[in-house]
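Below is one structure, written out as structure tokens; comments come after it.
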Amino acid sequence: MEFRTRFAPSPTGFMHLGGLRTALYEYLLARKNGGKFILRIEDTDQERFVEGATQVIYDTLRDCGINWDEGPDIGGDYGPYIQSERKDLYLPYAKQLVESGHAYYCFCTKEELDQRRQAAEARGETFKYDKHCLRLSKEEIAEKLAAGTPYVIRMNAPTEGTSSYHDMVFGDMTFPNSDTMDDMVLIKQDGMPTYNFANVIDDHLMHISHVIRGMEYLSSTPRYNFLYNAFGWEIPQYIHLPTVMRDATHKLSKRDGDAYYSDFIEKGYLKEALINYLALVGWNPGDEREFFTLGELEEVFDVSRLNKSPGIFDIDKLTWFNAEYIRKLPFDAYLEMVTPWFDKALAGKNIDYKRLAELMQSRTEVFGRVPDMVRFLAEMPEYDLDLYNNKKMKTNPEVAAESLALVRPVLEGIGDWNETAIHDTVMSAIAESGKKNGAVLWPLRIAISGLASTPGGAFEIAYLLGKNETMRRLDLSMEKLRNNA
RNA sequence: GGCCCCGUGGUCAAGAGGCCUAAGACAUCGCCCUUUCACGGCGGUAACUCGGGUUCGAAUCCCGACGGGGUCACCA
């Protein structure tokens, strides 16, 4: 059997991480089995049309390396791959179902339906379409049709019995028809098919073998199967995926600003880290490996290792993955990637980016946090004298004043301002003085950085700052200490 | 509310009746390294939702309760 999977998003503007994960698994299943991965755009809801949204889908998938074998932009044997371009194809199928008694015309207006729905709710009941129009005679239907009365086509669902199917993740599922089935609309008043209908038609026409989708479709699957059966078509394999949650009680929501692929890229997450982490929410390889490239995932992915329970999207773990990926980056690649982030805080300053990058690589968890970490190099922060108090380093403002007084002339005397010279000169001066390293180096670092923690120590920072700026900051800090005394 | 799904530490998760005195990872805490922070190394805290069964034996099977989620549109 040929494996054919599809990603069928509706273009709403952004790529949701839950959707991305679904696409990933669909892609992986196809690749793992030497099959095809198809991209299909489901834009049957014209009210929701968003300009440029399909482009976002293309860009995100390509960016991640999730390449499709058939799709709107590259074609394929079963196109077109955009539902709005296939709109005329669905009505005949619906009519075929009307002929066979599996569907029927309905002339109830939306307003009437809303009224009845509200009335039902007022009575505390769940509204279900009552097959009102199924009772219409052939003549009545012909008459209304001839008069141009607006209509929809509804599925004639069974009201009794049960429906069962097998899901590759959740196992055997059985639903009572009375609770699950309803006469859902197949063709809308505007002539467009509903998602439910188009989905079945297209999946069949495109020979999709495995349908992978969110578990919110678990209970509506019997309705799709009813359609497949009505047409006499083969039902695809189903793989329903557990939801990706924000926390125990909320889905990753589009509103939280933390659900879109683009949000994370803008914050400075690496797509490789994102894909790697996403693959692991709801799936695991069965051994203890956690790091996977897309190519490796293509080899090890296995549907049987998919989980049933919802997984919470853990930003901390993602961040850890991201930091690991950043640390593993070849230095040159890191330097290139971090440069624009340095620019955000240091543009125009004469800073040795290469040396800074060396200091920053092991400290970078997310690129977006870089500017705040290095901004002190551009501008001396205001700081509190209390920073000089450090028990372990045995320093306080008084000790600091002495240490700085010791070190100032030493630094002043350095002609060739490089890290080694700064280090050696200062270290020997400390040794001569008999002071503890920490008692001198801690205050020095504070005096020129104004921060309790910095990427690199006193020597690195002094070097990066340059002699003039180092001396300037040192003098300022010494004065600050004097004023306090 | 009806129907359906899920339920191992804070999070991801291994586990498919004895190998469980329950892995591993993230987070957290402590120690070491160290001129701070980070990296790295070592170690600690921390879980089978509850109650009944079945069985010589249950995290694993069954039933129930509880908790959480999903779904009930001319949205997808």
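Nothing here was measured: the structure is a model prediction, and the numbers come from that model.
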> Taking the side chain of A:A458 as heavy atoms from C-beta outward, which of B:rC26, B:rU35, B:rA76 is closest to it?
Replying inline: B:rU35
> Atom CD of A:E419 and atom C1' of B:rU35: how far apart are they, to the nearest Å?
Replying inline: 13 Å
>> Students often get this wrong, so: under 4.0 angstrom with heavy atoms, is A:E290 touching a base, only sugar-phosphate, or nothing?
In response: sugar-phosphate
>> Quick check on B:rC6: is either OP1 or OP2 less than 4.0 Å from any side-chain nitrogen or oxygen of A:K308?
In response: yes
> Is the phosphate of B:rA73, meaning OP1 or OP2, less than 4.0 Å from a side-chain N or O of A:R117?
Replying inline: yes
> Given B:rC26, B:rC3, B:rG40, which nucleotide is nearest the side-chain atoms of A:P176?
Replying inline: B:rC3
>> Between B:rC48 and B:rA23, how far apart are the two P atoms, rounded to whole Å?
In response: 13 Å
> Are any of A:N307's side-chain N or O atoms less than 4.0 Å away from OP1 or OP2 of B:rA13?
Replying inline: yes
> Looking across every strand, which nucleic acid part, if any, lies under 4.0 Å from A:K392 by heavy atom: base, sugar-phosphate, or nothing?
Replying inline: base
> With a non-hydrogen cut-off below 4.0 angstrom, is A:M184 in contact with a base, only sugar-phosphate, or nothing?
Replying inline: nothing
>> Please pick, from B:rC37, B:rC74, B:rA23, the nucleotide with the shortest atom-to-atom distance to any side-chain atom of A:K188.
In response: B:rC74
>> From C-beta outward on A:V185, which listed nucleotide comes closest to its side chain: B:rC74, B:rC37, B:rC39?
In response: B:rC74
> Which nucleotide sits closest to the side chain of A:F170: B:rC6, B:rA25, B:rC39?
Replying inline: B:rC6
Sort me out a list of protein N/O and nucleotides 69-71 of chain B N/O pairs below 3.5 Å, or just none if empty.
unit_1 : atom_1 : unit_2 : atom_2 : d
B:rG69 : OP1    : A:T249 : O      : 3.2

